[in-house]
2 protein chains.
Amino acid sequence: MDEKSISKAVIRRLPRYYRYLGELLEEGVERISSNELSSKMHVTASQIRQDLNNFGGFGQQGYGYNVPYLYAEIGKILGLDRTHHIIIIGAGNLGQALANYVKFEKRGFKVVGIFDINPVLKGISIRGNEIRMMDELPEFLRENDVQIATLTLPKAYAEETANLLVENGIKAIWNFAHLDLAVPEDVIVENVHLSESLMRLSYNLNRYNTEHKKE
Amino acid sequence: MDEKSISKAVIRRLPRYYRYLGELLEEGVERISSNELSSKMHVTASQIRQDLNNFGGFGQQGYGYNVPYLYAEIGKILGLDRTHHIIIIGAGNLGQALANYVKFEKRGFKVVGIFDINPVLKGISIRGNEIRMMDELPEFLRENDVQIATLTLPKAYAEETANLLVENGIKAIWNFAHLDLAVPEDVIVENVHLSESLMRLSYNLNRYNTEHKKE
DNA sequence: TAGATTGTTAATCGATTAACAATC
DNA sequence: TAGATTGTTAATCGATTAACAATC
């Protein structure tokens, strides 16, 4: 059955709500109205109420939202109430940086394997994970429960590696390679295209300069 | 004067057009119609024509778009026709990974300085840049032409560092710290929130599983 | 009960798609 | 000239904002 599906725009905002609620929680704030949250986050109160109501009535008239409750609920929606096992394919600078990033594990994203094709890297340990060679991957996936594969490898290898992952049952790819992966429709790809981010920054910088020159 | 401003949605797509055109260029393709590009990129031809027409009439009726020309024009729009000097604040794993990433330089983004507060890192050289201590930053910015500052440091230091950068004339921040920076309106911030990206992936994974369980 | 604030419907705004006249 | 394809206007669709009745 199709639930009425939730727009990407809403999903994009969800982690940001989660972050602000987490901060409020740390400050010991018990309750917050859509209006207060609105002025903190610089979005409209209306949008906050609409967004949250996609998932259920988390608030209470005359009271607002209970911070610990709403925080936990959004966490559940985002799937942060359970542990995800991640492997990293490509143990270059970026792959190693991600493997070293401690915060992910606090959110339930645990790196359980790191792979590369470069024999020089074989056996090097990063936070308890020894870098493995790619030929060990299929067996590893058979023997371990892995939900997410991270691609931090050169563009040229990305497509074939994605295929290999899909063949071995991976359903979610966190893709840092700068290309659009062609995968079956039941496989989820989340792209992080750093160079595109940098280009947008450059565009805005450029635009700003141009506009102000003209005045 | 306000030019009729271009929507963020269009800007988000621009680097992707640039990438596809770059690939066509490498393949030696001379011309392409919005229709052909549309089926390659999985967007509507109408959207392509609308998007490009925000910036000018780059095509020709009956012919389509000239690939080398359009590629160069989009490059100009994105500001890729000139060199941007970047500094990196925070020489941890991620900062070093970015400093090592060779591709950025090919697009005109040149790292000219790397800074940290950890004395252990002082003097370590990354692709020709020695890591400097933060107290050298103001002088460095006075003596060098820097357009973009990258923040790859713990959240706790991000706000004060952003202020320091702004005080010293920086107008564009590429922010990897997981918070919303409060900066004057003439300062551009481009956020890369990796943990939010991971949460979106987790949401979609979760959603997929749930939907299919119900059937 | 009165006041506050949600949940939700209706109105507005903006972005995408369709259609087609202009023109190479 | 005829055919192709853009540039652009109009129609549609979806997302955001406003308004307010429901209700705690």
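Per chain, numbering begins at 1; letters A, B, ... match sequence-line order.
Whole-Å rounding puts the A:Asn53 CG to C:dT6 P distance at 10 Å. Straight-line distance from the CZ atom of B:Phe55 to the C1' atom of D:dT6: 18 Å, rounded to whole Å. The nearest whole Å value for the distance from the CD atom in B:Glu73 to the P atom in D:dG7 is 12 Å.
Legend: ring pair (Phe, Tyr, Trp, His ring centres under 6.0 Å) pairs involving residues 144-177 of chain A, not counting sequence neighbours, sorted by first then second residue: A:Phe104-A:Trp174, A:Trp174-A:Phe176. Every pair passing ring pair (Phe, Tyr, Trp, His ring centres under 6.0 Å) that includes a residue from residues 74-99 of chain A is listed here, sequence neighbours excluded: A:His84-A:Phe109. Applying the salt bridge (charged side-chain N to carboxylate O under 4.0 Å, His left out) test to every pair with at least one member in residues 188-206 of chain B, sequence neighbours left out, gives these pairs: A:Arg19-B:Glu196, A:Glu190-B:Arg200, A:Arg200-B:Glu190. Pairs engaging residues 53-73 of chain A under the salt bridge (charged side-chain N to carboxylate O under 4.0 Å, His left out) rule: A:Glu73-A:Lys76 [sequence neighbours left out].
Helical stems involving DNA chain D, defined as 3 or more consecutive Watson-Crick or G-U pairs under 3.5 Å, span C:3-24 with D:3-24.
Side chain of A:Asn54 to backbone of A:Asp51: a donor-acceptor contact under 3.5 angstrom is found. The backbone N or O of A:His193 sits nowhere less than 3.5 Å from a side-chain atom of A:Asn191 that would complete a donor-acceptor pair.
Counting heavy atoms from C-beta on, the side chains of A:Ile88 and A:Asn129 never come closer than 4.5 Å. Put simply, the side chain of B:Ile188 reaches to within 4.5 Å of the side chain of A:Leu201, judged on heavy atoms.
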Identify all side-chain donor-acceptor contacts of residues 37-48 of chain A below 3.5 Å with residues at least two apart in sequence or on another chain.
unit_1	atom_1	unit_2	atom_2	d
A:Ser38	OG	A:Val43	O	2.9
A:Ser39	OG	A:Glu36	O	3.0
A:Thr44	OG1	A:Gln47	N	3.0

Less than 3.5 Å apart, which donor and acceptor atoms pair up between the side chains of residues 20-29 of chain A and the rest of the protein, not counting sequence neighbours?
unit_1	atom_1	unit_2	atom_2	d
A:Tyr20	OH	B:Asp180	OD2	2.5
A:Glu23	OE2	B:Lys155	NZ	3.4

| note | Given protein heavy atoms under 4.0 Å, the one-letter contact record of nucleotides 10-18 of chain C, with B base, S sugar-phosphate only and - none, is simply B----SSBB
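If you check residues 57-69 of chain B against DNA chain D, the residues with a heavy atom closer than 4.0 Å are B:Gly57, B:Phe58, B:Gly59, B:Gln60, B:Gln61, B:Gly62, B:Tyr63, B:Gly64, B:Tyr65, listed by number. The stretch residues 23-37 of chain A has no heavy atom under 4.0 angstrom from DNA chain D at all.
In this structure A:Tyr63 satisfies the ring pair (Phe, Tyr, Trp, His ring centres under 6.0 Å) test with no other residue, sequence neighbours excluded. Residues meeting the salt bridge (charged side-chain N to carboxylate O under 4.0 Å, His left out) test with B:Arg127, sequence neighbours left out: B:Glu105.
When each of A:Phe58, A:Tyr18, A:Tyr65 is checked for a ring pair (Phe, Tyr, Trp, His ring centres under 6.0 Å) with A:Tyr71, only A:Tyr18 meets the rule.
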